[in-house]
Amino acid sequence: MDLTQPNTDGISSFENLLANIILRVFVWVIACITCFGNLFVICMRSFIVTENSQHTMAIKSLCCADCLMGIYLFFIGAFDLKFSGEYNKHAQVWMASIQCQLVGSLAMLSSEVSVLLLTYMTLEKYLCIVFPFSHYGAGKKRTLSMLVVIWLLGFSLTLVPFWCKETFGDYYGRNGVCFPLQSDETERPGARGYSTGIFLGKESSGHGA
């Protein structure tokens with residue numbers, strides 16, 4: 001092992017999990033804005049009574065998903081502080097740890113559920129606008145069912161790599177920030193294919209929304 005080079009992904013350096021001061025500052029800033037901003041929206045939506053309670057349910061669910069990304073960033077910032085100045089000594093142990101696996105899966109869950117919710121909300125609005133006099137509008141029970149299905153699907157997509165270790169390997173432990181971007185040719189084909197399918201599918205859904 002060449003100890004003069006970072007053994008992670010370019011985001012990290014020899015000394016720190018986050019290579020430069022700009023990354024370290026923005027991780028904390030964005031984490032705070034994401035968490036407190038979404039918590040504020042959840043509180044406001046809980047106290048303000050609206051006629052469209054189904055839309056409010058979807059918005060609050062989306063805020064919860066986005067909050068998970070803020071929590072993920074807080075963890076990355078905290079571990080960056082923990083390893084400050086000597087990250088390369090701990091890099092391999094960190095990426096193989098259960099903490100990194102859980103932090104990475106949290107980011108994956110947040111991103112997947114957020115995109116699925118935005119896609120659902122956009123489709124719902126589209127149907128209501130295009131067919132204003134039809135029965136496409138979702139009732140409270142149907143909306144709640146769809147939200148549960150979206151979260152279950154998000155959890156399923158996130159947990160698949162844990163169930164199939166032989167295919168995916170350390171899916172969430174391939175870089176210092178534990179985010180599963182499997183772009184290296186040395187990665188397992190199953191992990192690369194899954195990551196490509198998930199994120200290209202998410203990108204397509206996001207643009208469609």
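Side-chain atoms are counted along with the backbone in the values below, which use heavy atoms only and exclude waters and symmetry mates. Throughout, residue positions are numbered sequentially from 1 according to the sequence presented.
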Worked check of side-chain contact (heavy atoms from CB on, under 4.5 Å) between L62 and S114: CA-CA 6 Å; L62 179 61; S114 292; 4.1 Å; yes

Exercise: identify the closest heavy-atom pair between [X] and [Y]:
| X | Y | value |
| --- | --- | --- |
| Y172 | L157 | OH-O, 4.5 Å |
| C63 | V41 | SG-CG1, 3.5 Å |
| G176 | L17 | O-CD2, 3.6 Å |
| W28 | A78 | CZ2-N, 3.6 Å |
| H55 | R45 | CD2-NH1, 4.3 Å |
| Y87 | S13 | CD2-O, 3.5 Å |

Roughly how far apart are [X] [atom1] and [Y] [atom2], rounded to 0.5 Å?
| X | Y | atom1 | atom2 | result |
| --- | --- | --- | --- | --- |
| L144 | Q54 | CG | CD | 10.5 Å |
| I11 | N20 | CD1 | CG | 10.5 Å |
| L123 | L118 | CG | CG | 12.5 Å |
| T56 | K140 | OG1 | NZ | 10.5 Å |
| E86 | N88 | CD | CG | 10.5 Å |
| L106 | S111 | CG | OG | 10.0 Å |

For atom [atom1] of [X], is the number of surrounding heavy atoms from other residues, nucleotides or ligands below 6.0 Å larger than 12?
| X | atom1 | answer |
| --- | --- | --- |
| F162 | CZ | yes |
| I22 | CD1 | no |
| F74 | CZ | yes |

Going by the angle between their ring planes, with limits at 30° and 60°, are H90 and F83 parallel, tilted or perpendicular? parallel

Cysteine SG atoms at C178 and C100 closer than 2.5 Å: yes

Indicate yes or no: at least one non-hydrogen side-chain atom of F155 is less than 4.5 angstrom from one of V113. no

Look at the side chain of [X] and the backbone N and O of [Y], then say whether any donor-acceptor pair between them is shorter than 3.5 Å.
| X | Y | value |
| --- | --- | --- |
| S110 | A65 | yes |
| S105 | L102 | yes |
| S97 | W94 | yes |
| D80 | I76 | no |

same_hphob_cluster([X], [Y]) at 4.5 Å side-chain heavy-atom cutoff:
| X | Y | answer |
| --- | --- | --- |
| V27 | F36 | no |
| F179 | L23 | yes |
| F75 | F26 | yes |
| L109 | W163 | yes |
| L68 | I30 | yes |

Start with the C-alpha distance between V177 and V103, add both sets of side-chain angles, then the distance that settles side-chain contact (heavy atoms from CB on, under 4.5 Å), and finish with yes or no. CA-CA 8 Å; V177 294; V103 167; over 6 Å; no

